[in-house]
Structure formats: structure tokens, C-alpha cells
Amino acid sequence: MSNLSNVKLNDGLQVPVLGYGTGTALYQKEAKDSVKMAYSEAHMHHIDCAEMYDNEESVGLALKELGVKRDDVFITTKCGSADPRKSLEKSLKLLGVDQVDLYLIHSPLLVKDTELGKSWQIMEELQKEGKTKSIGVSNYRVSDLEEVLKVAKVTPSVNQIEVHPYVYDVAQSLIDFCDSKGIHIESYGPLSSLIRHPGGPVDPIVKNIAQELGATEGQVLLKWAHQITHGGIVLTTSSKKERLEEQIKAFTEIKDLSDEQVKAVAEAGKKAHHRVFMPHMDQ
Ligand SMILES: NC(=O)C1=CN([C@@H]2O[C@H](COP(=O)(O)OP(=O)(O)OC[C@H]3O[C@@H](n4cnc5c(N)ncnc54)[C@H](OP(=O)(O)O)[C@@H]3O)[C@@H](O)[C@H]2O)C=CC1
Ligand SMILES: O=CCc1c[nH]c2ccccc12
């Protein structure tokens with residue numbers, strides 16, 4: 001086992017702090033081998049899927065072929081349509097399970113502005129019916145969350161958003177809003193400054209901290225995403241076992257960044273802005 005700690009959501013559900021993403025281009029359609037490797041060799045037992053990744057069947061096959069007991073894996077998937085009921089029923093079939101652990105609306109843009117509340121009420125019904133343990137959203141801005149909260153009987157447990165130093169200028173107020181409502185952040189794209197926009201102002205700061213902590217730069221960025229979101233969940237991925245082990249070790253062996261180190265990365269990040277996914281999050 002990986003000894004990863006859990007984050008406790010506002011409904012009491014425990015989620016492994018690090019999740020294995022299946023949305024990266026390489027794994028679309030055919031996620032079976034990578035999920036098998038991540039689960040069995042790197043002990044990544046929290047798998048992040050989505051209807052839009054078009055690979056839920058191969059994720060389900062991976063878990064079946066490994067003989068994974070349902071309670072031994074945390075499965076998130078995301079609704080990719082304006083009809084969460086139809087989408088979840090399809091996803092459950094493809095994944096080969098009766099219930100997911102966490103079900104998210106992938107983006108508010110899938111739903112008409114006037115129907116954000118209505119689609120959330122369907123999510124609440126799906127949770128009540130036991131088709132998902134927990135319900136949340138992804139790529140929701142403050143204004144989207146406010147619409148949902150107007151009618152919500154159940155507060156979203158998470159908002160899955162892009163978090164890395166080069167979007168922190170915009171993400172900061174959303175993170176604080178979510179914190180004030182008890183909505184946990186799930187960070188995606190955490191390695192973006194290192195792998196998608198190298199050579200920027202964040203790199204020397206992260207390199208220094210890595211040396212101070214005896215960590216890799218990737219580990220510093222994963223910890224930073226966790227800490228800047230007040231103990232949030234972090235989603236990453238790799239096709240390489242060694243990198244997955246390094247990612248796990250960030251949360252089992254590497255000590256926390258100091259408050260000064262967290263702040264130094266945030267300040268360096270604010271010197272540039274690079275959003276990788278979901279441009280509406282800058283509106
Ligand atoms: N809700 C949403 O809208 C979105 C959700 N997501 C979810 O989040 C998951 C993670 O997001 P993602 O952006 O992929 O996460 P990261 O920013 O952590 O990037 C992961 C990528 O970085 C590479 N990598 C990993 N470690 C290193 C390293 N040390 N040095 C160089 N390259 C490295 C991996 O490739 P390699 O195989 O070469 O190691 C992998 O392709 C997705 O798979 C998806 O499930 C992602 C985007 C949007
Ligand atoms: O989840 C966000 C990024 C992503 C990766 N693959 C796809 C496919 C369709 C929509 C979004 C995405």
C-alpha cells in the first residue's frame with residue numbers, strides 16, 4: 001500500500017490526497033494498461049475519469065482484470081452532458097460498477113446558465129439514490145457556484161480546477177470562496193509550470209525549494225498545489241512507474257513547504273499567466 005493520507009470532504013467521505021488522472025491525451029480511449037500499472041505497481045488507488053475522456057470502459061476493464069475489490073479503489077467520474085442522470089447511468093455501465101465514489105459536473109458550460117441549479121438538483125437525486133457517494137463540480141467559477149448554492153440542499157463536496165503557479169493570480173479568490181463554503185479543491189494540471197511553460201519566473205524558486213527540501217521540482221509543485229488549496233486533493237498522472245512513485249513520495253516522505261516557501265512560489269507565479277485548460281475560468 002502507498003500510505004497516502006486521506007482528505008475528508010464536507011459529507012464525511014475520505015478521498016486519497018493524490019489521484020491518478022486518465023484525462024491526459026496519451027490515455028484517452030485506451031487507459032487500461034496505464035491504470036493497471038498505476039494501481040498495481042505504484043499503488044495509486046484513486047482514479048480520476050470522465051465521460052468526455054471516452055475511456056471509462058478501459059478503466060473498468062483494468063480494475064476487473066486486476067480483480068480490484070470495489071472498496072479498494074476510489075473512482076471519480078464526470079458528467080460530460082447537460083443530463084447528469086443519463087450520463088451517470090452510462091458511466092456506471094462502462095466502468096462496471098453500481099456506484100462511483102465522486103461524481104462531478106465537468107464544466108458549467110455544459111449546462112445553460114439558467115439551469116445550473118436544476119442540474120445540481122439532479123446530482124442531489126443521484127446521490128440520494130446511491131449512484132454516487134459524493135457530488136461535486138469542476139471548472140465552476142464563483143458566479144457558477146453562487147447559482148448552485150441558491151438551490152442546493154447539498155453543498156458540492158469539491159470543485160476540480162486547474163491549479164499551478166501560473167493561474168494562481170485568478171484562482172486565489174475562487175480557492176478562498178470554496179474554502180469559505182466548505183468546498184474542497186481538487187487541483188489538476190499541477191505540474192504545468194515545469195512541463196508546459198518551462199523557463200519562467202517560477203522555475204528558479206521551485207528549484208531552490210527542491211534543493212532545500214531534498215525533493216524534486218515535480219514534488220515541490222504537487223505539495224504546493226496541496227498546500228495553497230488549504231490541504232486539497234491533487235490530480236496528476238504519468239505513464240512511467242518511477243514518476244508515479246516519486247509523486248506518491250511527495251505525500252509520504254517529503255516534508256511540507258514552509259509558509260514562506262508557499263508564498264514565494266505564489267508570488268513568482270503571479271508574474272506570468274498561462275492557463276492550459278478551460279479558458280472560461282479566466283472570465
Ligand atoms: N476537470 C478538468 O477539466 C480536467 C481534469 N484533469 C484531470 O487531472 C489529471 C491530471 O492532470 P494533468 O494536467 O495531466 O497533470 P500534471 O500537470 O501533473 O501533468 C501530468 C503530465 O506530466 C508528465 N509528467 C509527470 N511527471 C513529470 C516530471 N517529473 N517531469 C516531466 N513530466 C512529467 C506526465 O507525462 P509522462 O507520462 O511523460 O510522465 C503527464 O503527462 C488528468 O489526467 C485528468 O484526469 C486534467 C485537465 C482538466
Ligand atoms: O478534463 C479536461 C481535459 C481533457 C482531457 N481530455 C479531454 C477530452 C474532452 C474534454 C476535456 C478533456
Side-chain angles (χ1 to χ4, degrees), residues 15-31 33-35 37-38 41-42 44 46-56 58-59 74-81 87 91 100 102-110 136-141 144 156 158-167 171 174 185-199 202-203 206-207 210 215-226 229 232-251 254 274-281:
V15 189
V17 64
L18 188 64
Y20 180 74
T22 65
T24 307
L26 184 64
Y27 312 136
Q28 276 179 37
K29 280 276 182 202
E30 189 39 79
D33 292 343
S34 58
V35 169
M37 186 270 290
E41 295 186 40
M44 288 267 202
H46 166 184
I47 317 281
D48 183 77
C49 313
E51 179 182 15
M52 288 203 287
Y53 302 160
D54 202 12
N55 60 14
E56 288 166 309
S58 66
V59 172
F74 187 100
I75 305 175
T76 299
T77 197
K78 311 184 201 88
C79 171
S81 76
S87 283
S91 292
V100 292
L102 177 59
Y103 194 50
L104 310 179
I105 299 180
H106 204 139
S107 162
L109 303 187
L110 291 162
V137 295
S138 177
N139 301 304
Y140 273 47
R141 298 155 290 195
D144 304 317
V158 309
N159 190 10
Q160 185 181 116
I161 59 170
E162 181 171 336
V163 177
H164 53 77
Y166 292 137
V167 289
L174 176 57
I185 298 292
E186 287 197 336
S187 300
Y188 67 74
L191 300 177
S192 295
S193 61
L194 183 70
I195 62 171
R196 299 181 175 107
H197 294 282
V202 164
D203 287 6
V206 168
K207 197 171 178 187
T216 65
E217 285 147 271
Q219 288 173 326
V220 169
L221 287 166
L222 296 177
K223 294 285 281 202
W224 183 84
H226 170 65
T229 58
I233 296 148
V234 180
L235 304 173
T236 186
T237 196
S238 179
S239 53
K240 301 172 182 67
K241 183 186 165 205
E242 298 69 32
R243 281 188 180 161
L244 291 176
E245 285 168 348
E246 182 185 317
Q247 293 165 356
I248 295 256
K249 280 186 190 157
F251 292 91
I254 304 295
H274 299 291
R275 185 169 294 282
V276 180
F277 305 93
M278 307 285 165
H280 73 273
M281 295 301 283

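Note that ligands are numbered from 1 as they come in the structure, with each ligand's atoms numbered from 1 the same way. Sequence positions, counted from 1, serve as the residue numbers for this chain. Computed from heavy atoms alone, side chains included, the values below leave out hydrogens, waters and symmetry copies.
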J.: If we only count N/O pairs under 3.5 Å, is Gly23 in contact with ligand 2?
T.: yes
J.: Residue-level breakdown please: for Thr216 versus ligand 1, do any non-hydrogen atoms fall below 4.0 Å on the side chain, on the backbone, on both, or on neither?
T.: neither
J.: May I ask you to list the atoms of ligand 2 that are less than 4.0 angstrom from any heavy atom of His106?
T.: 1 (O), 2 (C)
J.: For Ser138, counting its heavy atoms only, list the atoms of ligand 1 lying under 4.0 Å from any of them.
T.: 1 (N), 2 (C)
J.: May I ask you to establish whether Lys78 and Tyr103 are in a cation-pi arrangement, using a distance under 6.0 Å from NZ or CZ to the six-membered ring centre and at most 45° from the ring axis?
T.: no
J.: Which of these, Asn159, Val276, Asn139, has its nearest heavy atom closest to atom 3 (O) of ligand 1?
T.: Asn139
J.: Examine distances only and state if a side-chain atom of Thr237 and a backbone atom of Tyr20 form a donor-acceptor pair shorter than 3.5 Å.
T.: no
J.: Touching ligand 1 at all, Tyr20? Heavy atoms, strictly under 4.0 Å?
T.: no
J.: Any N or O on Gly23 sitting closer than 3.5 Å to an N or O of ligand 1?
T.: yes
J.: Is it the side chain (CB and beyond), the backbone, both or neither of Lys78 that lies under 4.0 Å from ligand 2, heavy atoms counted?
T.: neither
J.: Of the backbone atoms (N, CA, C, O) and the side-chain heavy atoms from C-beta on, which set of Ser238 has a member under 4.0 Å from an atom of ligand 1: side chain, backbone, both, or neither?
T.: both
J.: Side chain, backbone, both or neither: which part of Gln247 has a heavy atom under 4.0 Å from ligand 1?
T.: side chain
J.: Calculate, to the nearest 0.5 Å, the distance between atoms CE and CG belonging to Met37 and Leu244 respectively.
T.: 5.0 Å
J.: Applying a 4.0 Å heavy-atom criterion (strictly less than), which segment of Glu162 is in contact with ligand 1: side chain, backbone, both, or neither?
T.: neither
J.: Which pair of heavy atoms, one from Gly80 and one from Leu110, lies closest together, and at what distance?
T.: O-CD2, 3.5 Å
J.: If you measure every N or O of Met278 against every N or O of ligand 1, does any of those distances drop under 3.5 Å?
T.: no
J.: If you measure only the distance, is there a donor-acceptor pair under 3.5 Å linking the side chains of Glu56 and Thr77?
T.: yes
J.: Can you sort out which atoms of ligand 1 are near Ser239, meaning under 4.0 Å from one of its heavy atoms?
T.: 36 (P), 37 (O), 39 (O)
J.: What distance separates Glu51 CD from His106 NE2, expressed to the nearest 0.5 Å?
T.: 10.0 Å
J.: Is any NZ, NE, NH1 or NH2 atom of the basic residue among Glu245 and Lys241 found under 4.0 Å from an Asp or Glu carboxylate oxygen of the other?
T.: yes
J.: At a 4.0 Å cut-off, with the gap strictly under it, does some heavy atom of Arg196 reach an atom of ligand 1?
T.: yes
J.: For the backbone of Ala210 and the side chain of Gln219, can you confirm whether one donor and one acceptor N or O come within less than 3.5 Å of each other?
T.: no
J.: Among Ile195, Leu191, Thr236, which one has a heavy atom closest to atom 21 (C) of ligand 1?
T.: Ile195
J.: Taking non-hydrogen atoms only, is Leu235 closer than 4.0 angstrom to ligand 1 via side chain, backbone, both or neither?
T.: both
J.: Which of parallel (below 30°), tilted (30 to 60°) and perpendicular (above 60°) describes His274 and His197?
T.: parallel
J.: Is there a polar contact between ligand 1 and Pro190, counting only N or O atoms under 3.5 Å apart?
T.: yes
J.: Quick check on Gly21 - does any of its heavy atoms sit under 4.0 Å from an atom of ligand 1?
T.: yes
J.: Looking at Gly232, is its backbone amide N or carbonyl O close enough to the side chain of His226 to form a donor-acceptor pair, meaning the two atoms are under 3.5 Å apart?
T.: yes
J.: How does Lys78 reach ligand 1, if at all, at less than 4.0 Å between non-hydrogen atoms: by side chain, backbone, both, or neither?
T.: side chain
